[in-house]
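Whatever order the structure lists ligands and atoms in, that order sets their numbers, starting from 1.
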Amino acid sequence: MKLYAPSTIKEIKERYGFKISKSLGQNFLTDKNIIDRIIDATEIGENDLVLEIGPGLGVLTYEAAQLAGKVLAVEIDENLIPILKENLAEFDNVEIVNQDFLKTNLFELLEQNEEINGQKREGVKILGNLPYYITTPIIMKILEDRAPVDSITIMMQKEVADRIKSEPGGKTYGALSVAVQYYCEVVDVAKVPRDVFYPQPNVDSAVLRLDLRKERPVELDDESVFFACVKSGFGQRRKTLHNSLSGVCGLSKEQVSEALEEAGIDPVRRAETLDLKEFARLANAVNKRK
Ligand code: SAM
């Protein structure tokens, strides 16, 4: 049975009386090529743990289960649980967890799955076709929790992917770009048109793989000061740094000027022109004065 075929989705809807929920961002994938590209990009090893966010009807889960040591599939919609159980019945390495991913204790979940079939697991790969409205909180939860994860391969709205991979100077470069690039190396996987989903969303999508860095790309004396500078700088992105940073970490305008000078950054530049290294130099100079 082709789980991803629109005719199968319609049949499942009828048989279970299942109603597709717009508010839970339910747009199911119907294209095997895209499914394969997501799975290939995830680079699943036979002793890896795959954590899938929002399995839906199980199209990605089905493919991942054939490659992984174990798949943990976290789905919020309880109406999908019996459907997932039936669609994935042939696998004994799939565990379905009926939970809101944003409320899961990621450390606990990963700790409970340190062993797969009596052997220490190798990688931890996260994957998902995410509901658009919670893409950013989901990514930031994984990164800020500093969970022991190797990579996150995810489908998201194209505009969010553009923001994540954006370089300094671009219109889409912002706090999200800096934060994700600080924690991860970003790999472009695929552009995805809207017509490969049922029902069809109003936007195009893209798949990115975020490879979590083993070492930070810049030296920071205090990470929270770095993020405070990023937030402050982009909070008023049209203003020059001299103005937008005013008050950051309690610094006076004069102290901000001194910090910018020490970091070798022209005070009339804007946050959108600063790369990671410059933000780091600035943060370390601010940290000295706070
Ligand atoms: N993976 C399936 C596919 O590709 O066809 C479904 C993708 S659909 C875009 C998003 C899925 O995430 C839905 O099944 C939805 O119920 C689920 N979901 C929404 N919010 C969630 C949350 N907070 N935690 C876990 N799953 C969630």
For this session: Just grab all the side chain to side chain donor-acceptor pair (under 3.5 Å) pairs involving residues 169-178, residues at least two apart or on different chains.
Result: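 Side chain to side chain donor-acceptor pair (under 3.5 Å) check on residues 169-178 returns Ser166-Thr172.
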
For this session: Kindly state each residue pair satisfying salt bridge (Lys or Arg N to Asp or Glu O under 4.0 Å) with at least one member in residues 242-259, sequence neighbours excluded.
Result: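 Non-adjacent pairs meeting salt bridge (Lys or Arg N to Asp or Glu O under 4.0 Å): Glu258-Arg289.
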
Problem set entry | Geometric class of the Phe28/Phe18 ring pair [parallel <30°, tilted 30-60°, perpendicular >60°] |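 Judged by the thresholds at 30° and 60°, the geometry between Phe18 and Phe28 is tilted.
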
Problem set entry | Aromatic plane relationship, Tyr182 with Phe226 - under 30° parallel, 30 to 60° tilted, over 60° perpendicular |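 Correct class here is tilted.
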
Under a 3.5 Å threshold, I'd like every N/O contact between ligand 1 and protein atoms, with atom names and distance.
| unit_1 | atom_1 | unit_2 | atom_2 | d |
| --- | --- | --- | --- | --- |
| ligand 1 | 1 (N) | Gly54 | O | 2.9 |
| ligand 1 | 1 (N) | Pro55 | O | 3.4 |
| ligand 1 | 4 (O) | Asn129 | ND2 | 2.9 |
| ligand 1 | 5 (O) | Leu29 | N | 2.9 |
| ligand 1 | 14 (O) | Gly56 | N | 3.4 |
| ligand 1 | 14 (O) | Glu75 | OE1 | 2.7 |
| ligand 1 | 16 (O) | Gln26 | NE2 | 2.9 |
| ligand 1 | 16 (O) | Glu75 | OE2 | 2.6 |
| ligand 1 | 23 (N) | Asp100 | OD1 | 2.8 |
| ligand 1 | 24 (N) | Phe101 | N | 2.9 |
| ligand 1 | 26 (N) | Ile76 | N | 3.4 |

Exercise. Any chance the rings of Tyr62 and Phe91 have centres within less than 6.0 Å?
Worked result: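 Yes - the distance between ring centres of Tyr62 and Phe91 falls below the 6.0 Å cut-off.
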
For this session: State which residues pass ring pair (Phe, Tyr, Trp, His ring centres under 6.0 Å) with Tyr132; sequence neighbours excluded, sorted by chain then number.
Result: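 By the ring pair (Phe, Tyr, Trp, His ring centres under 6.0 Å) rule, Tyr132 matches no residue at all.
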
